[in-house]
Amino acid sequence: MTATRIVITGMGVFCGAAQSIPDFRTAVLQGKSGVGPVDLFDVADFPSKIAVQVKGYDPAAHFTRRQVTRLSRTDQFALLAAQEALTMSGLAGCYDPYDIGVCVGGGAAGMFQAEQWLAADLRGERSRPAQLRGVLPDKTCTELALAYRLAGYQGSITTACSSSASAIGWGADLIRSGRQKAMLCGGADSLALLTFAGFNSLKVMDPEPCAPFSLGRQGITLGEGAAFVVLEEEQAARARGADIIGYLLGYALVGEAHHMTAPEPSGESAARVMTAALAAAGLDTGRVGWVNAHGTGTPANDVVESNAMKQVFGERVQQVPLVSTKPITGHCLGAAGSVEAVATLLALNAKTIPRTLHFRGRDPECDLDYCHDASKPSDCSIALSNSFAFGGNITSLALAAADLQQGGA
């Protein structure tokens, strides 16, 4: 294990399933799905008409009129989640602003606002060109740095669905190397017509709520939102009296170099990234209690991930549940990794393995324990959280509960 251990001192979330950490904890532990009809734009012509949308959202309740005109939907979600994480961490005034960096994983960024601009322009209405700035994925990171006076490193990672998991890992590296003392890391993404149409055209969206690892599953259910964590070096965090709410013990990245949209079918690459994350954390497989899967509900992904589990855990695989929280949150794309990392930490601290919702029947190719029937108690303090993306960009985080120091297995 590396000498510099990275701790998590703050978490924040604002997504379709919940708009605060307390509410998200309830959703994860009680298995409350946020799936419902999409009304953000017209979906009448699409086979799938559902998502985990942030419903009833009024930007004016959170931002000034001037801010609303400048900030994309993605930016707004990020600012709200980041504020919760920073407040929980008590980081303000503890470090020089130049010692606190920001790393954001993103996907569609401000595409929703850009679509609104285009529609207005085509109607001959006066439109604000400023709405187009949010299309560039670095915009969210810049807005976070400006809003919270974080003058250290600023970075944006866009590796599709693994973006925000990779952002968390990269933030930890910056702290371990001594280049930053603290990092705000996570991701944000919002629904957009282009995204919705694209996944429907690929025929990977299920008309019914996604059913990972189930017979008859047809694909994903999209989601939107943001989640962030505050990372620090353990000794520094304890010296300032911070509450430790979890650990990032290690992470790993793998590029499959196999196909633009399909996973490498043997599961070897997925197994390699999990094994590498454990090695980076200095852990053997016996320390892992469960795995938060990428678990999209597509026919190919779920089989590949199940096969990878067998390669990693061998004869013990039936004692390591593989679960998916995407039926709760939807697939939040660029924000998926951080949303699921926060869900994993909440479950670890509650000593609970979450349930995989929407079971439709047992698939003989998915023959592991997926907690389809109910959540389970678990004394184990360590879990993996997987994020697998288009292009073969895959990331695995090794996370631990706050009680790790007290001998959590």
Asp189 side chain to Ala108 backbone, donor-acceptor under 3.5 Å = yes
Looking only at atom types and distance, does a side-chain atom of Gln76 sit under 3.5 Å from a main-chain N or O of Leu71, one as donor and one as acceptor?
-> yes
So CG of Asn393 and OG of Ser162: to nearest 0.5 Å the spacing works out to 5.0 Å
Do Met183 and Tyr153 pass the side-chain contact (heavy atoms from CB on, under 4.5 Å) test, and can you show the C-alpha distance, the side-chain angles, and the key distance before you say yes or no?
-> CA-CA 9 Å; Met183 289 290 299; Tyr153 172 87; 4.1 Å; yes
If only atom types and distance count, is the side chain of Gln53 paired as donor or acceptor with the main-chain N or O of Asp39 below 3.5 Å?
-> yes
Determine yes or no for a side-chain-to-main-chain donor-acceptor pair under 3.5 angstrom, with Ser378 supplying the side chain and Cys380 the backbone.
-> yes
Is the closest basic N to carboxylate O distance between Asp75 and Arg133 below 4.0 Å?
-> no
Short question: side chain of Ser375, backbone of Cys371 - any donor-acceptor pair under 3.5 Å?
-> no
Can you name the closest pair of heavy atoms from Val68 and Ala60 and give their distance?
-> CG2-N, 4.4 Å
Output for pair (Leu345 CG, Ser385 OG), nearest 0.5 Å, gives 8.5 Å
What do you reckon, is NZ of Lys181 surrounded by more than 12 foreign heavy atoms closer than 6.0 Å?
-> no
Kindly indicate, with the supporting measurements, whether the criterion side-chain hydrogen bond (donor to acceptor under 3.5 Å, both in side chains) is fulfilled by Glu232 and Tyr95.
-> CA-CA 11 Å; Glu232 300 178 63; Tyr95 298 112; 2.6 Å; yes
What residue among Thr275, Asn292, Asn386 forms side chain to side chain donor-acceptor pair (under 3.5 Å) with Ser396?
-> Asn386
Check: Ser381/Asp403 side-chain N/O donor and acceptor closer than 3.5 Å | yes
Please assess Gln318 against Asp369 for the test side-chain hydrogen bond (donor to acceptor under 3.5 Å, both in side chains), listing each intermediate value before the final yes or no.
-> CA-CA 6 Å; Gln318 293 293 346; Asp369 181 0; over 6 Å; no
Validation row: Pro207, Gln218 side chains within 4.5 angstrom (heavy atoms) = yes
Should Ile244 and Ile8 be marked as a side-chain contact (heavy atoms from CB on, under 4.5 Å) after you check the CA-CA gap, both sets of side-chain angles, and the distance that decides it?
-> CA-CA 6 Å; Ile244 307 302; Ile8 295 146; over 6 Å; no
Would you check if there is a donor-acceptor pair between the side chains of Tyr57 and Gln19 at a distance under 3.5 Å?
-> no
Lys/Arg-Asp/Glu bridge criterion (N-O < 4.0 Å) met for Arg179, Asp99 = no
So, Thr356 versus Ser324: side-chain donor-acceptor pair below 3.5 Å or not?
-> no
Check whether any side-chain heavy atom of Phe112 sits under 4.5 Å from a side-chain heavy atom of Leu191, and report yes or no.
-> no
When you look at Phe77 and Ser190, which way does the side-chain contact (heavy atoms from CB on, under 4.5 Å) test go after all the steps?
-> CA-CA 8 Å; Phe77 293 164; Ser190 69; 4.2 Å; yes
Crowded around Asp367 CG? As in, over 12 foreign heavy atoms under 6.0 Å?
-> yes
Do Ser306 and Tyr370 come close enough that some side-chain heavy atom pair is under 4.5 Å?
-> yes
Kindly indicate whether the side chain of His294, heavy atoms from C-beta on, has any atom under 4.5 Å from the side chain of Lys326.
-> yes
Should the pair His62 and Phe14 be assigned to parallel (<30°), tilted (30 to 60°) or perpendicular (>60°) ring geometry?
-> perpendicular
Flag for Glu264-Ser266: side-chain donor and acceptor within less than 3.5 Å | yes
Rounding to 0.5 Å, atoms CD (Gln154) and CG (Leu144) come to a distance of 9.0 Å
Salt bridge or not for Asp379 and Lys351, using N-O below 4.0 Å?
-> no
Is there a donor-acceptor pair under 3.5 Å between the side chain of Thr87 and the backbone N or O of Glu84?
-> no
4.5 Å side-chain heavy-atom contact, Met11 and Leu346 = yes
Find out whether His331 and Cys210 are in side-chain contact, i.e. whether some heavy atom of one side chain is under 4.5 Å from a heavy atom of the other.
-> no
Give a yes or no on this: more than 12 heavy atoms of other residues, nucleotides or ligands lie within 6.0 Å of atom CG of Asp45.
-> no
Above 12 or not: heavy atoms from other molecules or residues under 6.0 Å from NZ of Lys55?
-> yes
Nearest heavy-atom neighbours spanning Gly334 and Ser164 | O-OG, 2.9 Å
Thr195 OG1 to Asn200 CG distance, which is reported to the nearest 0.5 Å = 11.0 Å
Do Trp290 and Leu322 come within less than 4.5 Å of each other through their side chains, counting heavy atoms only?
-> no
Ionic contact status for Glu233 with Arg176, cut-off 4.0 Å = no
Taking all atoms of both residues into account, what is the closest heavy-atom pair of Cys185 and Leu231, and its distance?
-> SG-CD1, 4.0 Å
Expected output: side-chain Gln67 to main-chain Thr64 donor-acceptor under 3.5 Å = yes
Closest non-hydrogen atom pair, Ser338 against Ala227 | OG-O, 3.1 Å
Residues forming a side chain to side chain contact (heavy atoms under 4.5 Å, CB included) with Gln319, sequence neighbours excluded | Arg316
Check: Leu404 and Ile382 side chains under 4.5 Å, non-hydrogen atoms = yes
Between His372 and Phe213, what is the shortest heavy-atom contact and its length?
-> CE1-O, 3.5 Å
Take Ser163 and Thr158, measure what side-chain hydrogen bond (donor to acceptor under 3.5 Å, both in side chains) needs, and give me the verdict at the end.
-> CA-CA 5 Å; Ser163 297; Thr158 54; 5.8 Å; no
At what distance, to the nearest 0.5 angstrom, does CG of Asn301 lie from OG1 of Thr296?
-> 3.5 Å
Do Ile245 and Thr9 pass the side-chain contact (heavy atoms from CB on, under 4.5 Å) test, and can you show the C-alpha distance, the side-chain angles, and the key distance before you say yes or no?
-> CA-CA 6 Å; Ile245 57 178; Thr9 57; 5.6 Å; no
Do Thr352 side-chain atoms and Leu348 backbone N/O form a donor-acceptor pair below 3.5 Å?
-> no
For Ala82 and Tyr148, the nearest pair of non-hydrogen atoms, with its separation, is CB-CE1, 4.1 Å
Does the pair Arg217/Asp302 count as a salt bridge with the N-to-O cut at 4.0 Å?
-> yes
CD (Gln113) and OG (Ser72) are apart, to the nearest 0.5 Å, by 5.5 Å
